[in-house]
Structures are given as structure tokens and as C-alpha cells.
Amino acid sequence: MSLTSPRESGNGLRVARVTAATLLEQKRARRPIAALTAYDFPTAKLVDQAGIDMVLVGDSVGMAVLGYDSTLPVTMEEMLHHTRAVARGLQRALLVADMPYGSYQASDKDGVRNAMRFIKEAGAQAVKIEGGVRRAELVRRLYEAEVPVVGHIGLTPQAVHRMGGYRVQGQSVGAIEALYDDAAALEAAGAMAVVLEGIPREVAAEITARSGVPTIGIGAGPECDGQILVFHDLFNLTFAPAAKFTRQYADGAAFFAEALGRYREDVVGGTFPSDAESYHLRREVRESLEQMEVVGKA
Ligand code: KIV
């Protein structure tokens, strides 16, 4: 049996799957980790083929795809559904599923049971949970249950009400020390990586330097071991103002709007479908029908 679990890619080449060990090697070799969210089969395919190392089925699916105004309503069933679709589209990238609000906060037992569902039923290779010191015990239990965990500290959207909004974290000496403790506690408990969201660049740089596991930043500056963004932010598909830390790589909204407008015009103007885009009767059937005068001669 192979040690690297190669898979057949679409073009027939064998590709080695990214694992927690691959990301650790990248940190040690100072090769930045490129991570992105994906929520469905086509975007998973595109992201994988672009060579993205880690794909997160984020609970941001709630806002980006399902139209909720926060991530809080997202359910286990919704996350499992989207994770399965993404799993079917990936060959190489490491697949991380985000545990939704309510799936691990009430008890560690819930957390372990729900995390295992992502591995067993949806094809995830790891799960992500939000919180630092207060999640260390759960991370330890998940490690013992063979579930790799990505931690997530700083601006943690599931804590939006406690934080009083989506605010940059780590702004005072006390808050910065708490972040250092959070990162250290997650690493000690066995987390394979830690997402740092919405914290000052200097704080993220210090956590990254101290950490033995990769840090993946979002709004945390360039010194992190890797970067993650939400797919829809890259392509102007959020229908909301962009946050300071995002970068738009293409105007997906304009691209789709232009194509949709042309499609509508073609339908309304009667130019779609054309004869070439239509199916036709076989000649002998047509002739029989014509003889029966069921269809008129063209
Ligand atoms: O849900 C999500 O997409 C995330 C990333 C932004 C890190 O948690």
C-alpha cells in the first residue's frame, strides 16, 4: 500500500494528496500555504486544479451561498451536504470541514460525535473549530479520536454576539497575551494548524514565529505560514462591501450579469435555441410522419 495515497486526476496523472504533514513541511521550508473556501463540486474542481493546498468548507457558506446574515444558523446537515459535494471535486487539496455553531459548544461529547460525521459521512480529512484555550480539551479528545483539527482564533464569527460585532481582535496587551495562550493551548492539545483571523499583523507574526504548527491567516498579515480567503470575496460575488483584508481577483458578478443579459435577450428575441441547437427527427421517421400528415413538410 502506498504511503502517499496518490489519486487519479482528471488528466490521468497521479497526484499525491495534501496532508497535515505536507502543510507542516511547507511551514518548515517557508513555502506559503494557499488555502481557500469552496462549497460545491464545480468550485472544488477549480480550486483543486489551481493547486490550492487546503480547501475549507467554511460555515461562511451560510452567508456566501445560503443568504443568511451570519454564520450562526448554519446546521450540521447543511455543512455535511456541502462537504460531500466538495469532497467529490477534490483530488489533491486537503479537505477541512468547518464545524457549525452549536455542533460542539454544548459538550465535548457532541463535538467528537459531530466531528466524526464529517470524516465518516462526508469525506473530510480534518475539521475546524473556533476558540482557543476553552477548546483545548475538545481538541485533545478529537486528537485521540483520530480527527485532525484546525483551530481558529482571533475574530471568530461564531462569537459575534460576545465580541459585539465583527471587530479586529488583539488590540490590548491583555488581549494579545490571551491570543498567545490560545495558540499555544491549541498546539499543545494536538491541533494540526491554526487559523488567525482579524488580528494585527505584528501579533500574527509573533504567533507564527512561536508556533510549531502552521498558521493560516485571514486579515492577519503576510507573515502567517499561509493565507485563506472566502471564494466569493475573490470574485466579487458577495453582494456586500468588501472587507479591508480581501483582494478581488476577478469581477464574477459583472461576468455573470453580462452573460445572463445576453441569454435573456436571445430567448426574448427568439434567437435561442437555433436550429443547430435543436434535435431533429431521423429522416425515415420524418418521412413516415409526413406521409401520415402528422407534421407538415419543411
Ligand atoms: O467559514 C469560513 O470561511 C472561515 C474562514 C474565513 C477561515 O472560517
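Keep in mind the model is a prediction, meaning the values are calculated, not measured. Ligands are counted one by one from 1 in listed order, and the atoms in each one are counted from 1 as well. Heads up: numbering here begins at 1 and tracks the sequence.
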With sequence neighbours left out, the residues meeting side-chain contact (heavy atoms from CB on, under 4.5 Å) with E177 are V173
Shortest non-hydrogen pair, S60 vs V230, comes out as OG-CG2, 4.0 Å
Report task. Determine whether the side chains of E277 and S274 contain a donor N or O and an acceptor N or O closer than 3.5 Å. Result -> yes
Tabulate distances under 3.5 Å between N/O atoms of ligand 1 and N/O atoms of the protein, writing both atom names on each line.
unit_1, atom_1, unit_2, atom_2, d
ligand 1, 1 (O), D59, N, 3.2
ligand 1, 1 (O), D59, OD1, 3.0
ligand 1, 1 (O), S60, N, 3.1
ligand 1, 1 (O), S60, OG, 3.2
ligand 1, 1 (O), D98, OD2, 3.1
ligand 1, 3 (O), S60, OG, 2.5
ligand 1, 8 (O), K128, NZ, 3.0

Item checked: D53/R92 salt bridge by N-O under 4.0 Å criterion -> yes
Residues joined to V267 in its hydrophobic cluster, side chain to side chain under 4.5 Å directly or through other members, sorted by chain and number, are Y263, F272
Applied to residues 233-249, the side chain to side chain donor-acceptor pair (under 3.5 Å) test, sequence neighbours excluded, yields N236-D251
